[in-house]
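Working notes, structure below.
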Amino acid sequence: MRDMHTVVTRFPPSPTGNLHIGGARTALFNWLLARSMGGRFVLRLEDTDVDRSSREMTHSILEAMRWLGLDWDEGPFYQSQRFDLYQRFIDHLLDKGRAYYCSCTPQEVEQMREEAREKGEKPKYNGRCRERNLDPGPERVVRFKSPLEGETAFKDVLKGDVAVDNRELDDFVLRRADGTPTYNLAVVVDDVEMGITHILRGDDHLSNTPKQVLLYRALETELPVFGHVPMIMGPDKKRLSKRHGAMSVLEYRRQGFLPEAMTNYLVRLGWSYGDQEIFSQAELREKFSLRNLSKSACVFDPDKLLWVNSQHIKANSPQELAPLLQDFLQANDLPCPDTGYLIQLIPLLQPRAKTMQEMADWAVPFVRADQDLVYDPELLDKFLTAEIAYYLRQLLNILRDAPGFDKDSLEACIGDFLQEQGIRFKKLAQPIRVALTASKASPGLFESMEILGQKSVLARLERALQQAEG
RNA sequence: GUCCCCAUCGUCUAGCACGGCCCAGGACGCCGGCCUCUCACGCCGGUGACGGGGGUUCAAAUCCCCCUGGGGACGCCA
């Protein structure tokens with residue numbers, strides 16, 4: 001017997017697709033509930049539909065979970081390896097007269113539904129085999145004997161009391177003709193077996209719940225706490241599509257989102273904590289609670305995700321970001337400096353990058369070799385005019401003999417030069433930037449020069465001048 | 001079609017369970033400004049919502065009803 005006070009939650013993805021935004025948030029809520037209550041979190045793969053489930057999806061889902069930092073205490077369990085267990089429960093229900101064999105074909109059942117629809121009723125199986133006492137046989141399914149009247153009610157932490165007239169329900173299938181268990185049977189059996197105490201899931205499952213409640217009762221077990229969270233929709237207020245959100249969360253990793261930013265953004269879709277927007281994962285584990293869940297559907301907003309990510313990029317230390325940046329440099333076929341250098345560089349990039357991919361983009365002039373910088377002739381024409389070249393030649397000489405090459409010395413040194421020449425920094429800033437980075441935008445010049453080092457700065461100025469003159 | 005759920009700025013939301021502190025607060029976005037060597041960051045300001053109608057009450061974003069709108073479910077998918 002398990003300790004009744006321990007919270008046990010679970011995440012039961014079906015390996016028929018990727019882990020997307022919606023699934024990830026469901027997983028996160030359940031994980032957070034377990035973690036915040038000192039409970040356990042179970043991972044279970046619902047692969048009873050053998051044809052549609054795949055190993056690749058399973059791997060992809062597990063990797064996404066690990067990437068998000070949603071570690072599980074038990075599992076992963078695979079329903080496909082537990083068919084014996086489900087069969088025992090089905091037999092039990094059969095013995096107790098709570099289930100029966102049915103020989104109706106899918107076509108026949110479809111016809112029954114059609115007839116009901118025509119009468120303006122809810123499409124249902126009509127119970128033809130309910131009292132026929134059929135024996136087991138090939139092509140026969142097992143159906144649950146649902147009550148014909150009364151109502152089935154349950155409590156939901158978000159929706160309150162929910163009740164459905166039993167006449168709305170039909171004798172749903174527990175075991176398919178091929179002998180495999182259906183979803184409704186398998187979830188309930190597993191949730192009972194695994195001692196699940198709290199079930200948080202998308203509210204598209206709300207109308208399944210009465211059926212499951214009926215099964216719990218037939219099995220004479222206590223109900224878990226249900227919580228049906230609102231669904232996440234696309235900008236068009238429709239179901240998430242591949243364009244926005246329905247892709248694998250691993251795609252967000254590829255685009256340069258941080259896992260902490262991901263969970264931060266996701267948790268705020270349907271949950272709040274006063275006016276706070278930014279949370280670390282550790283903070284969430286502490287502050288999450290069922291009380292602050294909201295019950296209306298929400299829309300996935302890529303812009304806000306980007307902003308949350310930028311906040312986490314700023315909050316992370318250069319030491320933590322360095323190895324990640326290395327991954328992105330490599331993925332972009334860029335040279336990959338050692339972490340020591342990157343730790344110097346990253347603070348200049350943090351305020352500018354909304355994603356790690358953007359950080360890699362900003363890093364380009366700092367990781368490319370001097371001779372590999374590609375100058376746009378138009379930029380050179382515009383900024384390295386003959387007049388400017390005159391000043392830069394002189395600056396080059398000054399810099400060659402610069403007493404120090406840290407940003408403060410550089411600022412002082414260049415300041416003196418400007419004063420002697422009687423010109424303002426503004427006049428030379430962009431030309432220097434173009435020469436040093438082959439770009440119109442970069443981090444501050446003095447910091448950039450310090451990072452680049454004297455040798456590169458001189459080489460780049462020389463090279464840019466030559467190209468401009470030639 | 002039938003049943004279920006939901007309803008505060010364009011979006012995420014606070015407030016609603018214990019009506020008055022709310023001519024509704026924060027955040028993203030957008031617009032303007034400041035900072036400034038560029039681009040960003042940051043800071044300051046602005047834009048912008050209680051879906052409609054009935055009640056209940058001295059008083060309603062908050063309670064009740066209807067309408068409307070949106071979403072979901074109705075599988076031998078999960």
Side-chain angles (χ1 to χ4, degrees), chain A residues 12-17 46-49 51-53 102 104-106 109-110 113 116-125 139-143 156 158-160 162-165 167-170 172-178 180-184 186-187 201-210 228 230-231 233 235 237-239 265 268-278 291-292 294-308 310 314 348-354 358 362 414 424-434 437 439-446:
Chain A
S14 170
T16 53
E46 307 219 325
D47 55 352
T48 55
D49 186 340
D51 297 335
R52 300 200 314 144
S53 300
C102 165
C104 299
T105 65
V109 176
E110 184 43 49
R113 287 196 251 267
R117 246 187 294 264
E118 276 166 21
K119 282 192 283 183
E121 289 167 8
K122 190 159 194 159
K124 302 194 305 185
Y125 169 68
E139 303 302 304
R140 289 186 182 176
V141 300
V142 175
R143 287 182 182 275
D156 185 286
L158 283 104
K159 315 285 187 189
V162 181
V164 171
D165 191 317
R167 279 170 298 205
E168 290 295 320
L169 276 19
D170 68 354
F172 54 94
V173 173
L174 300 177
R175 198 183 77 161
R176 303 182 185 104
D178 67 4
T180 58
T182 59
Y183 162 71
N184 283 117
V187 247
R201 67 206 335 181
D203 70 9
D204 49 337
H205 283 281
L206 193 60
S207 41
N208 274 315
T209 309
H228 288 89
M231 318 231 337
M233 289 173 300
K237 284 265 187 186
K238 293 274 186 289
R239 257 205 146 105
Y265 175 73
R268 285 283 292 101
L269 242 36
W271 180 83
S272 61
Y273 192 79
D275 285 339
Q276 188 171 346
E277 296 285 353
I278 301 300
R291 234 189 82 76
N292 305 313
S294 63
K295 45 183 179 173
S296 43
C298 56
V299 172
F300 176 73
D301 180 5
D303 282 336
K304 186 152 183 184
L305 205 212
L306 228 29
W307 176 78
V308 171
S310 75
K314 290 187 212 357
L348 310 198
L349 274 23
Q350 276 172 305
R352 280 161 249 267
K354 286 195 163 87
E358 283 186 22
W362 281 104
I414 293 176
R424 308 196 44 200
F425 186 48
K426 220 176 172 68
K427 186 162 183 158
L428 294 190
Q430 279 304 71
I432 295 174
R433 170 167 291 109
V434 168
T437 67
S439 163
K440 282 188 295 189
S442 82
L445 241 24
F446 305 119

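This one's a predicted model, so the numbers in the text were calculated from it and none came from an experiment. Proteins get letters first, then strands, A, B, ... in listed order; numbering begins at 1 in each. Note: hydrogens, waters and symmetry copies are ignored here, and every other heavy atom, side chains too, is used.
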Rounded interatomic separation in angstrom, taking CG from A/Asp156 and P from B/C6: 9 Å
At under 4.0 Å between heavy atoms, what does A/Ser296 touch on the DNA or RNA strands: base, sugar-phosphate, or nothing? sugar-phosphate
Separation of B/G75 atom C1' from A/Leu169 atom CG, nearest Å, is 14 Å
side-chain contact (heavy atoms from CB on, under 4.5 Å) partners of A/Asp303, counting only residues at least two apart: A/Asp301
Checking all strands, does A/Lys314 fall into the base, sugar-phosphate, or nothing category for heavy-atom contacts under 4.0 angstrom? sugar-phosphate
Give none if B/A24 has no partner; otherwise give the nucleotide forming a Watson-Crick or G-U wobble pair with it, both distances under 3.5 Å. none
Which nucleotide, B/G72, B/G70, B/C76, lies nearest any side-chain atom of A/Arg113? B/C76
Reckon A/Val141 touches a base, only the sugar-phosphate, or nothing at all at heavy-atom distances under 4.0 Å? base
Which base, if any, makes a Watson-Crick or G-U wobble pair with B/A17, both distances under 3.5 Å? none
May I have the distance from A/Leu306 (atom CG) to B/A40 (atom P), rounded to whole angstrom? 14 Å
I'd like to know if A/Arg352 reaches the base of B/C41 with its side chain such that a donor and an acceptor end up less than 3.5 angstrom apart. no
Strictly by Watson-Crick or wobble contacts shorter than 3.5 Å, is anything paired with B/C39, and which nucleotide is it? none
Got a sec: does the CZ of A/Arg167 have more than 12 other heavy atoms crowding it under 6.0 Å? no
Identify, with sequence neighbours excluded, every residue that meets ring-ring contact (aromatic ring centres under 6.0 Å, His included) alongside A/Phe446. A/Phe425
What interatomic distance, in whole Å, is found between C1' of B/G15 and the corresponding atom of B/C76? 48 Å
Can you list everything that forms a side-chain contact (heavy atoms from CB on, under 4.5 Å) with A/Ser294? Sequence neighbours excluded, please. none
Kindly check if the number of other-residue, nucleotide or ligand heavy atoms within 6.0 Å of NZ (A/Lys314) is above 12? yes
Let's go through A/Val187 and A/His205 carefully: what are the C-alpha distance in whole Å and the side-chain angles of both, what is the deciding distance for side chain to side chain contact (heavy atoms under 4.5 Å, CB included) to 0.1 Å, and is it a yes or a no? CA-CA 12 Å; A/Val187 247; A/His205 283 281; over 6 Å; no
Separation of atom CZ in A/Arg52 from atom P in B/C76, rounded to whole Å: 13 Å
Side-chain N or O of A/Arg239 less than 4.0 angstrom from OP1 or OP2 on B/G70? no
By the Watson-Crick or G-U definition, both distances under 3.5 Å, B/G45 is matched with B/C31
Got a list of protein N/O to nucleotides 21-24 of chain B N/O distances below 3.5 Å?
none

Distances for protein N/O vs nucleotides 27-29 of chain B N/O pairs under 3.5 angstrom?
unit_1	atom_1	unit_2	atom_2	d
B/A27	O4'	A/Glu277	OE2	3.3
B/C28	OP1	A/Trp307	NE1	3.4
B/C28	O2'	A/Lys304	N	3.4

Base, sugar-phosphate, or nothing: which does A/Arg175 touch, judged by heavy atoms less than 4.0 Å apart? nothing
So does A/Lys124 have more than 12 non-hydrogen atoms from other groups sitting under 6.0 Å from NZ? yes
Could you work out, with salt bridge (Lys or Arg N to Asp or Glu O under 4.0 Å) as the rule, every residue matching A/Lys295, not counting sequence neighbours? none
Do the side chain of A/Asp204 and the base of B/A78 come within less than 3.5 angstrom through a donor-acceptor pair of N or O atoms? no
Partners of A/Arg268 by salt bridge (Lys or Arg N to Asp or Glu O under 4.0 Å), sequence neighbours excluded? A/Glu277
Regarding B/C58, purine or pyrimidine glycosidic angle vs 90° from 0 gives anti
Of all residues at least two apart in sequence or in a different chain, which pass the salt bridge (Lys or Arg N to Asp or Glu O under 4.0 Å) check with A/Asp178? none
Once you round it to whole Å, what is the distance between C1' of B/U36 and CZ of A/Arg424? 11 Å
Figure out the CD/P separation between A/Glu358 and B/C41, and round it to whole Å. 10 Å
Using purine N1 to pyrimidine N3 plus N6-O4 or O6-N4 for Watson-Crick, or N1-O2 and O6-N3 for G-U wobble, both under 3.5 Å, which nucleotide pairs with B/G1? B/C74
Base, sugar-phosphate, or nothing for A/Arg167, non-hydrogen atoms under 4.0 angstrom? nothing
Assign A/Pro443 to base, sugar-phosphate, or nothing according to its heavy-atom contacts below 4.0 angstrom with the strands shown. base
To the nearest angstrom, how far is A/Asp49 atom CG from B/A78 atom C1'? 8 Å
Mind checking if A/Ser310 touches a base, just sugar-phosphate, or nothing, with heavy atoms under 4.0 Å? nothing
Does any nucleotide pair with B/C50 by Watson-Crick or G-U wobble geometry, both distances under 3.5 Å, and what is it? none
Using a cut-off of under 3.5 Å, enumerate the N/O to N/O pairs linking the protein to nucleotides 3-5 of chain B.
unit_1	atom_1	unit_2	atom_2	d
B/C3	O4'	A/Glu168	OE1	3.2
B/C5	O2'	A/Lys159	NZ	2.8

Which residues pass the salt bridge (Lys or Arg N to Asp or Glu O under 4.0 Å) test with A/Arg52, sequence neighbours left out? A/Asp49
Which part of the nucleic acid does A/His205 contact within heavy-atom distance under 4.0 Å: base, sugar-phosphate only, or nothing? base
Would you mind classifying the nucleic acid contact of A/Thr16 as base, sugar-phosphate or nothing, using non-hydrogen atoms under 4.0 angstrom? nothing
Scanning all shown strands, the Watson-Crick or wobble mate of B/C63 with both distances under 3.5 Å is B/G55
Side-chain (A/Glu139) to main-chain (A/Thr105) donor-acceptor, under 3.5 angstrom: no
My understanding is that only residues two or more places apart in sequence, or in another chain, count here; which of them pass side-chain contact (heavy atoms from CB on, under 4.5 Å) with A/Val308? A/Ala261, A/Asn264, A/Tyr265, A/Ile278, A/Lys304, A/His312
Counterpart residues, side-chain contact (heavy atoms from CB on, under 4.5 Å), relative to A/Val299 (two or more places apart): A/Lys237
